[in-house]
Amino acid sequence: MSGGRTWPVVVAASAVLAVVVVLLGAWQPVRAGVVAWFALAIPGGALIPLLGLRDGVAEVTLAIALSLAIDVVVACTMLYSGVWSPPAGVVVLAIVALAGAGLQARPNALAVRNRRATRLDLNAASAEQLGAVRGVGPATAQRIVAWRAAHGSFRSMEDLARVPGVGPKRIAALRGRVQP
Amino acid sequence: MISDPPTLPAVLPPEQLRREAAAPHHLDWVGTDFPSRLVARGPARSCAAAVAIAVSVAVWLASLSAVDPRRMNGLGLVSVLPPASFAALALLAASFCATLHRRSPPQMLLLAHVVALVVMVYGLPALVEPEPRFAVTWRHVGVIDTILQTGHVDPRIDAYFNWPGFFIVAAFVTAAGGTPDLLTVAAWAPVAVVLICIAPLVLLMRTLSSNRRVVWLGIWVFCLGNWVGQDYLSPQAFGFFFYLVVLAIAVTWLRATPAWSPPWVRMWVVPGSACRVWGSPQRAALVAVALLLFAVTVPSHQLTPFAILPGVAALVLAKRCMARGLPVAMAVMIGTWLSYMAVAYLAGHGAGLASGVGDVGTSVGEGVADRVRGDPDHMLVARVRLGLTVALWALAVAGFVRRARRGHDDVDAALLLGGPMALPLVQPYGGEIALRTYLFTLPFAALFVALLIEGAAPAMRAWVGTAITLALTLALLGPFILARYGNERMDWFSREEVAAVDYVYRAAPKGSTLVAWAPSLPWKSRDYALHRYRTVVENPEWSEVRRSTPGSRAQVTALERFLRSEEGGAWFVLTRSQKAQAELTGMEQRGSLDRLEAALRAAPAFRLRYANRDASVFSVRPWPEPRR
């Protein structure tokens, strides 16, 4: 989700489509389907990628949860303030989604800083943490930790090549995710 | 934190290092650099698994076409499923277990098995029954309908309107979506709820164990242990999702470096090893998200916040979670809602915070421990439920003990398993609290069951692992379906029963009193606040009706007297599902409601207004005029 170029477009398109379908009306099953997708995924899906988590499962989970939470906030605010209007609620949600999509398209300082900060320290990470990095399975993680225990610390990314089973391709893939 | 296999071999005993060096295949169970022979076999095995999934779903659907819910006995749906249905489930289970024990189990394929299991088993009632199950589902549809009709929430109606967050958002989405038929949505709600919960379950389990097999076996066991049926269109299903997500945030991103660990763990942990470096703006944002999610559960469901709070508080007290303010903020939110918004309800109900909602007639209602009486089949179902619950908890404890003895740090998962056990202390919640507690502990119990099997023996041969997990699956599957759908005879509704209730709504003037014998009938889905609803069994003042001989003149007279005392005219609805409920749960003798029905048809004081093979609707003299 984060880092992709298509996702902000999907978010913006879903928001616009939802508003159109609700305000102008549409064949009921289509309208229900569009609104369900929009309410379940889009408001949160517009905001969560800004965190720069770089983890698909986490982003999907948090996007659904945050979407539902924002839906609840908007719906309850409308109801308790006495202006119950579902179409207006959809417009508010769409504005949130479009704002998030805009911020995603122009990555702000927060996401950039985090990308650097989330690099894992090769010399301090546990096997479990290394195993969670994309491109490193638990087996490789074990071998990295075992190599570190036997030979001391990694001084450069190239030192990784000395770990059995890690080749130049894997090292290239891991740049940006781990650092010595 | 659970690490699998144990972290930091630098301080592992030398003999273990030697053992792992001598047997490298122990290590690359999920490695990416396996011999080319396996690469060649991988796609073929994946195709075989995909075919197995497709075949099991097809056989399942075909086998269900002949299922007639009317033939069910006291064991519920299990009694009408043909052998082919069980064969389909067994095939799916075998394929899952074999896939799980491939050298490099493809996660999408494991996910496909879980999705197939959920659609098959959780979608079973929607496939074989004509109408949504559970009287309480219809009631929830009625609450949403009331908000849709009126556009506001009157807290004086009942407890639902004091914790209305879920209903308000459901009304909002329904209205925005052009008011689709909520009953169709409700029939498939369990499938949707469990599928959505898979995402946070993967996140939680993946954080608590780095072993992919443990993660997917844990989710599989969760799906096979979740017999409590709290996944219908309901605030608690909504809340359960948030429960999982908030806990996942706490253990995944708000983890502190373990300052305290049990002594057997401390030996292995090197200071400073927790080094996922997080920028503080990001962490602050995640704390804000967790608080927002919690803030949304507070007005949505009475019980869920009380399940989240002890889990997070335990993590903070054990110094496993760095967001120390989180439990305090959560407690403040709960207190605020109770003292400002739910005060209308609390004023009338005092300390019994939730006594009004969800005890009698709720889903699988009378649950684990209480009320083991009634029909012998029903008693068997109750015992199987108890057995399944105790067995999973016992396996989880065994998993924890075995892992702890091998030096694994499973403290986070253990704290989260233990957290909801505090629920019965803080929330008196009818007789259902054991059920709800079981559900909240289930993800972590399932994780420990998976750790017991997979986590303790990474060197297990593939076929041994397949055999053990398959045996576990098959051992859980039968009891699970029996436990989950054991009360189905009273939980399902026929078209005729729905037609009778529809008749009442068409005919009864606003403000009438609608009366049933027992709470299991498909009513309250509309005109929720426009009528009064009463049942004979839930009304202590009417106990004389239940004490009289079934079908006797005395019983008919007593019923007539009570009905006539109701304002607005009373309509009495008697349905097949109520008879099933009365018999199954031992409220009444078998056939006693049939005798009452026959006597009412003959009684001059009662007039039969509507009848079909599953239901009768009576009114009592003076005849209330129909609306039309």
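Chain letters run A, B, ... following the sequence lines, proteins first and then strands; every chain starts at 1.
- Contacts between B:Phe166 and chain A at a heavy-atom distance below 4.5 Å are absent for every atom of the residue.
- For the atom pair CG (A:Leu62) and OG1 (B:Thr252), the distance works out to 8.5 Å, reported to the nearest 0.5 Å.
- Proximity to chain B (any heavy atom under 4.5 Å) is restricted, for A:Leu93, to the side chain, taken from C-beta onward.
- Neither the backbone nor the side chain of B:Leu244 comes within contact range of chain A; no heavy atom of the residue lies under 4.5 Å from a heavy atom of that chain.
- What you find for A:Ala65 and B:Val245 is that their closest heavy atoms are CB-CG1, 3.8 Å.
- Using a 4.5 Å cut-off between heavy atoms, B:Pro299 makes no contact with chain A at all.
- Scanning both residues, B:Ala176 and A:Val35, for their nearest heavy atoms gives O-CG2, 3.5 Å.
- Heavy atoms only, all atoms of each residue included: A:Arg31 and B:Gly178 are closest at NE-N, 3.4 Å.
- For A:Tyr80, the part sitting under 4.5 Å from any heavy atom of chain B is the side chain, from C-beta outward, and nothing else.
- Separating the CD1 atom in A:Ile64 from the CZ atom in B:Phe242 is a distance of 10.5 Å, to the nearest 0.5 Å.
- For A:Leu40, the part lying near chain B is the side chain, with the backbone staying farther off; criterion is any non-hydrogen pair under 4.5 Å.
- Applying the side-chain contact (heavy atoms from CB on, under 4.5 Å) test between B:Phe172 and each of A:Cys76, A:Pro86, A:Ser85 identifies A:Pro86 as the sole match.
- For chain A, the option among B:Pro180, B:Ala175, B:Ala295 with the highest count of heavy-atom pairs below 4.5 Å is B:Pro180.
- For A:Ala39, the part sitting under 4.5 Å from any heavy atom of chain B is the side chain, from C-beta outward, and nothing else.
- Considering CD1 of A:Ile70 and CG of B:Leu292, their distance stands at 7.0 Å, rounded to 0.5 Å.
- At a 4.5 Å heavy-atom cutoff, B:Ala170 makes no contact with chain A through either its backbone or its side chain.
- For the pair A:Val57/B:Gln107, no side-chain contact is recorded, criterion being any heavy-atom separation below 4.5 Å from C-beta on.
- Per-residue heavy-atom pair counts under 4.5 Å with chain B were compared for A:Val22, A:Val34, A:Leu68, and the maximum is reached by A:Leu68.
- Rounded to the nearest 0.5 Å, atoms CD1 (B:Ile147) and CH2 (A:Trp84) are 7.0 Å apart.
- With rounding to the nearest 0.5 angstrom, the CD1 atom of B:Ile249 is 9.5 Å from the OG1 atom of A:Thr61.
- Minimum interatomic distance between B:Leu293 and A:Ala69 (heavy atoms only, all atoms of both residues): CD2-CB, 3.7 Å.
- Looking at B:Thr179, the atoms closer than 4.5 Å to chain A (heavy atoms on both sides) all sit in the backbone: N, CA, C or O.
- A:Leu53 places a side-chain heavy atom less than 4.5 Å from the side chain of B:Leu286.
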